[in-house]
Amino acid sequence: MNSNGWLLESATKDEQSIAADWQLFRPRVIAGVAVREVRNVPRDDGCLTELYRRDWELDGAEVAHVFQVVLLPGAVSAWHAHEHALDRLFIAQGLAKIVLYDARSDSPTRGVVNVFRLGDVRPGLLVVPPRVWHGLQNVGDRPCTVVNLADRVYCYEDPDHWRVASDCAEIPYRFEQPPATLPCRA
């Protein structure tokens with residue numbers, strides 16, 4: 001028992017995740033990473049959301065290849081990195097946790113982990129530079145659609161795609177397994 005009388009021994013205090021102006025709080029973003037949050041524009045016939053604009057100037061690379069990946073609820077796609085390619089990730093539907101790890105020996109942010117939660121409730125484009133390990137997890141209760149606006153076309157004969165297991169000991173982050181059932185609410 002602690003001196004406060006109510007605090008359990010295993011309790012941990014939440015870290016800051018949002019600022020008073022409701023902007024996401026990120027104490028140290030990995031070098032070369034950029035994020036541009038956007039707003040949905042409600043219309044009489046639905047909703048418009050911009051995914052990418054060159055004039056946002058998030059990076060100097062071109063858009064050369066656009067594709068989408070659909071993750072089922074709870075699914076994890078981790079870890080992967082590219083030696084040369086830059087990824088621009090946009091969650092077009094659902095809710096995803098995107099985790100980045102900087103293992104670059106020449107980076108001022110070597111060893112830093114960044115966690116982003118993006119989706120249709122808080123849309124944004126996340127730029128992942130080459131050689132930064134990244135993983136995604138669908139943290140919603142429906143399929144999650146991830147659109148990637150890469151700066152290089154995928155080379156089928158010689159993929160610029162490196163992988164390690166989601167529980168790789170060299171990366172100091174573990175994806176949580178989703179609960180089997182939703183928790184009861186009182």
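This one's a predicted model, so the numbers in the text were calculated from it and none came from an experiment. In what follows, residues are counted from 1 in the order of the sequence shown.
Cluster membership for V139 and L89, using ILVMFWY side-chain heavy atoms within less than 4.5 angstrom, is not shared. Cluster annotation: V63 and V146 are assigned to distinct hydrophobic clusters (Ile/Leu/Val/Met/Phe/Trp/Tyr, side-chain heavy-atom contacts under 4.5 Å, transitive). Transitive grouping of hydrophobic side chains (ILVMFWY, heavy atoms separated by less than 4.5 Å) keeps V147 and V128 in distinct clusters. Under a hydrophobic-cluster definition in which Ile, Leu, Val, Met, Phe, Trp and Tyr are linked whenever side-chain heavy atoms come within less than 4.5 Å, directly or via other members, L126 and V29 are assigned to the same cluster.
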Checklist entry - Does the pair W79 and F175 meet the rule for a ring pair (Phe, Tyr, Trp, His ring centres under 6.0 Å), with working shown? => result CA-CA 10 Å; W79 292 96; F175 286 93; 5.3 Å; yes

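In summary, R142 and D120 engage in a salt bridge, as defined by a charged side-chain N under 4.0 Å from a carboxylate O. Contact check on R104 versus D106 returns no salt bridge, with no Lys/Arg side-chain nitrogen under 4.0 Å from an Asp/Glu carboxylate oxygen. Ionic pairing of D87 and R152 is not present here: no N-O contact between side-chain nitrogen and carboxylate oxygen is shorter than 4.0 angstrom.
Expressed to the nearest 0.5 Å, how far CG of N40 lies from CG of L48 amounts to 8.5 Å.
Crowding of D44 atom CG: a count of heavy atoms from other residues, nucleotides or ligands under 6.0 Å not exceeding 12. Within a 6.0 Å sphere centred on CZ of R39, other residues, nucleotides and ligands contribute 12 heavy atoms or fewer. Around atom CH2 of W162, no more than 12 heavy atoms belonging to other residues, nucleotides or ligands sit under 6.0 Å away.
Taking the six-membered ring for Trp and the full ring otherwise, the centers of H82 and H134 sit less than 6.0 Å from each other.
Pairing each heavy atom of L118 with each of G124, the nearest pair is CD1-O, 3.8 Å.
Counting heavy atoms from C-beta outward, P130 and L86 have side chains that approach closer than 4.5 Å.
Looking only at distances, no side-chain donor or acceptor of D102 sits under 3.5 Å from a matching main-chain atom of G111. With D160 contributing its side chain and A85 its backbone, the two residues share a donor-acceptor pair below 3.5 Å. A distance-only check finds no donor-acceptor pair linking the side chain of E37 to the backbone of R122 [under 3.5 Å].
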